[in-house]
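Structure first, commentary second.
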Amino acid sequence: MIIQKIKRRKGLAKLKNEIIKKFEGKRCKITTGALGTTVRGKIIEINDDWIEIETSKGMEIINADFIQSIKILA
C-alpha cells in the first residue's frame, strides 16, 4: 500500500513538473501559501519538486508543492 502511494505521488510530480516547465525561462510571479508570499523573477531550472528562480535580490529556490499560482509577467 505504501509503495502504491509513492508511485502515485511520482506520477503526480511528473505531471506537475510538465505543467511548470512551460514557464521555464520566462519572468513570472509565483504565489505560495496563505500568508501572501510572492516571488517575482525568471524561472531558471526545475528539478524534482524544486524551482530555481532568479530575482532582483539574487537566486531563490521554491518547493513546487506549495505553489498556489503562477502568472507570466510582461
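These numbers come from a predicted model, not from an experiment.
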Quiz item: Apart from Phe66 itself, what residues make up its hydrophobic cluster when side-chain heavy atoms of I, L, V, M, F, W and Y under 4.5 Å apart count as a link, directly or indirectly?
Solution: none
Quiz prompt | Spatial distance of atom CD1 (Ile62) from atom CD1 (Ile67) [nearest 0.5 Å] | solution = 6.0 Å
Practice problem: With rounding to the nearest 0.5 Å, note down the distance linking CD1 in Ile44 to CD in Glu54. | Solution: 4.5 Å
Quiz item: Roughly how far apart are Glu45 CD and Lys21 NZ, rounded to 0.5 Å?
Solution: 9.0 Å
Practice problem: Indicate yes or no: at least one non-hydrogen side-chain atom of Ile51 is less than 4.5 angstrom from one of Ile61. | Solution: no
Quiz item: To the nearest 0.5 Å, what is the distance between CD1 (Ile70) and CD1 (Ile43)?
Solution: 5.0 Å
Quiz item: Closest approach of Glu60 and Val39, non-hydrogen atoms and distance?
Solution: OE1-CG2, 3.6 Å
Quiz prompt | Nearest-0.5 Å distance, NZ of residue Lys71 to OG1 of residue Thr38 | solution = 11.0 Å
Sequence neighbours left out, cut at 3.5 Å: what donor-acceptor pairs do the side chains of residues 22-35 make with other protein atoms?
{"residue": "Thr31", "atom": "OG1", "partner": "Ser69", "partner atom": "OG", "Å": "3.4"}

Quiz item: Is Ile72 reachable from Ile20 through a run of hydrophobic residues whose side-chain heavy atoms are each under 4.5 Å from the next?
Solution: yes
